[in-house]
Every structure is written in structure tokens, then in C-alpha cells.
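Each residue takes its place number in the sequence, starting with 1.
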Amino acid sequence: QVQLVESGGGLVQPGGSLRLSCAASGSIFSINAMGWYRQAPGKQRELVATSTNGGSTNYADSVKGRFTISRDNAKNTVFLQMNSLKPEDTAVYYCNALIRNNWYDAPRLYWGQGTQVTVSS
């Protein structure tokens with residue numbers, strides 16, 4: 001019904017930047033919120049940043065001041081600009097979205113397939 005497709009991951013040196021994108025498509029009536037999570041090897045998935053329709057954003061303390069989440073609502077797309085990257089930012093990054101498929105549906109949470117970000121010299 002709904003697909004979230006991430007792009008923009010890769011290998012970058014410490015101090016470098018990357019921009020992740022995640023586009024939602026399919027049966028979408030409305031999107032309430034979109035966000036980014038990450039999971040490093042051997043660790044639990046953790047929140048990176050979220051963005052609500054009201055314009056509120058929330059960031060993990062570890063990325064505040066370095067990462068910026070933004071949205072293009074016309075294209076159902078969320079971005080994550082990552083600056084001053086550190087080796088500890090290495091992880092698989094997943095986007096998610098709280099989506100209503102129809103006006104009468106309750107919102108459902110959808111996840112993308114993930115994109116690898118590796119920060120290494």
C-alpha cells in the first residue's frame with residue numbers, strides 16, 4: 001500500500017556531510033509525521049529526528065546542532081542533512097512515516113528499508 005524509499009547513504013570521512021532523502025508513495029491520504037531512526041551493529045534502533053505536520057521537530061541529543069530534518073510535503077519527502085559527521089554516526093538509517101491511507105483510517109506507521117551511512121577515514 002505504502003512504500004518509503006531512502007537514498008543518499010554512503011561512505012564519508014569524519015567531519016564530512018551527507019543528505020538523506022526518503023520519499024513516500026502509494027495509498028496516502030495524509031502524513032501526520034515523518035522521522036529518521038538509526039541502528040548501529042549490536043545496538044538497538046534509536047531515534048535521530050522527527051518532524052510533525054505542525055512544524056515541530058525533535059532531535060536526539062547526540063545529533064543536535066549537526067543534523068537537520070526537513071520536509072517537502074508536496075512530494076511526501078523527508079530529508080536529513082547530516083553535518084560534522086563522526087564515526088559514531090555509523091549506522092543503518094531508517095525513515096518512518098505516520099500515514100493515513102484514507103480519511104476514515106487511523107494513522108499507521110510505515111518504515112523504509114534503510115540506508116547505510118559509514119563514517120570512516
Side-chain angles (χ1 to χ4, degrees):
Q1 277 187 317
V2 172
Q3 284 189 324
L4 300 181
V5 179
E6 298 116 332
S7 61
L11 173 64
V12 64
Q13 291 187 342
S17 298
L18 281 176
R19 189 185 193 222
L20 305 183
S21 300
C22 173
S25 63
S27 180
I28 299 172
F29 174 76
S30 65
I31 300 179
N32 290 19
M34 301 185 83
W36 291 94
Y37 285 69
R38 67 186 180 187
Q39 187 167 18
K43 295 188 177 181
Q44 290 188 332
R45 190 173 297 188
E46 63 176 5
L47 177 146
V48 176
T50 60
S51 172
T52 68
N53 277 2
S56 297
T57 56
N58 183 46
Y59 296 92
D61 287 343
S62 59
V63 307
K64 282 181 181 177
R66 301 188 297 123
F67 291 10
T68 302
I69 188 171
S70 61
R71 289 169 61 177
D72 184 339
N73 292 326
K75 296 182 179 180
N76 293 333
T77 300
V78 62
F79 305 97
L80 186 68
Q81 178 66 43
M82 304 186 294
N83 299 328
S84 302
L85 282 161
K86 305 175 181 179
E88 50 264 43
D89 294 318
T90 296
V92 177
Y93 283 70
Y94 299 90
C95 73
N96 70 5
L98 199 59
I99 294 174
R100 296 178 68 184
N101 301 119
N102 294 287
W103 65 269
Y104 48 81
D105 283 330
R108 294 179 59 186
L109 188 63
Y110 293 89
W111 289 89
Q113 81 287 353
T115 184
Q116 177 70 46
V117 171
T118 302
V119 184
S120 175
S121 55

Answer yes or no: is there a donor N or O on one side and an acceptor on the other, between the side chain of [X] and the main chain of [Y], under 3.5 Å?
X	Y	value
Glu6	Leu20	no
Arg100	Asp105	yes
Gln13	Ser121	no
Thr115	Tyr93	no

Parallel, tilted or perpendicular for Trp111 and Tyr94, by the 30°/60° rule? perpendicular
Mind checking whether [X] and [Y] sit in one hydrophobic cluster, side chains of I, L, V, M, F, W, Y counted as touching below 4.5 Å?
X	Y	result
Trp36	Val12	yes
Val78	Leu47	no
Val63	Val119	yes
Val2	Ile31	yes
Tyr37	Met34	no

Side-chain contact test, heavy atoms from C-beta onward, threshold under 4.5 Å: evaluate it for Asp89 versus Arg66 and give yes or no. yes
Would a 4.5 Å heavy-atom cut-off, applied to side chains only, mark Ser70 and Ser51 as touching? no
Measuring from [X]:[atom1] to [Y]:[atom2], what's the distance to the nearest 0.5 Å?
X	Y	atom1	atom2	value
Thr68	Tyr59	OG1	OH	4.5 Å
Cys22	Asn96	SG	CG	8.5 Å
Gln116	Arg38	CD	CZ	12.0 Å
Leu18	Leu85	CG	CG	5.5 Å
Asp72	Ser21	CG	OG	10.0 Å
Ile99	Ser27	CD1	OG	9.0 Å

Around atom CD of Gln44, are there more than 12 heavy atoms from other residues, nucleotides or ligands closer than 6.0 Å? no
Within 6.0 Å of CD in Gln113, more than 12 heavy atoms from elsewhere: yes
What closest approach, in Å, do [X] and [Y] show between heavy atoms, and which atom pair accounts for it?
X	Y	result
Ser84	Ser17	N-OG, 4.4 Å
Pro107	Asn32	CG-ND2, 3.6 Å
Leu4	Ala97	CD1-N, 3.8 Å

Evaluate the criterion side-chain contact (heavy atoms from CB on, under 4.5 Å) for residue pair Ser120 and Leu11; output intermediate values, then yes/no. CA-CA 7 Å; Ser120 175; Leu11 173 64; 4.2 Å; yes
Less than 4.0 Å between a side-chain N and a carboxylate O, is that true for Lys64 and Asp61? yes
Identify which one of Asn53, Thr57, Thr77 satisfies the side chain to side chain donor-acceptor pair (under 3.5 Å) criterion when paired with Arg71. Asn53
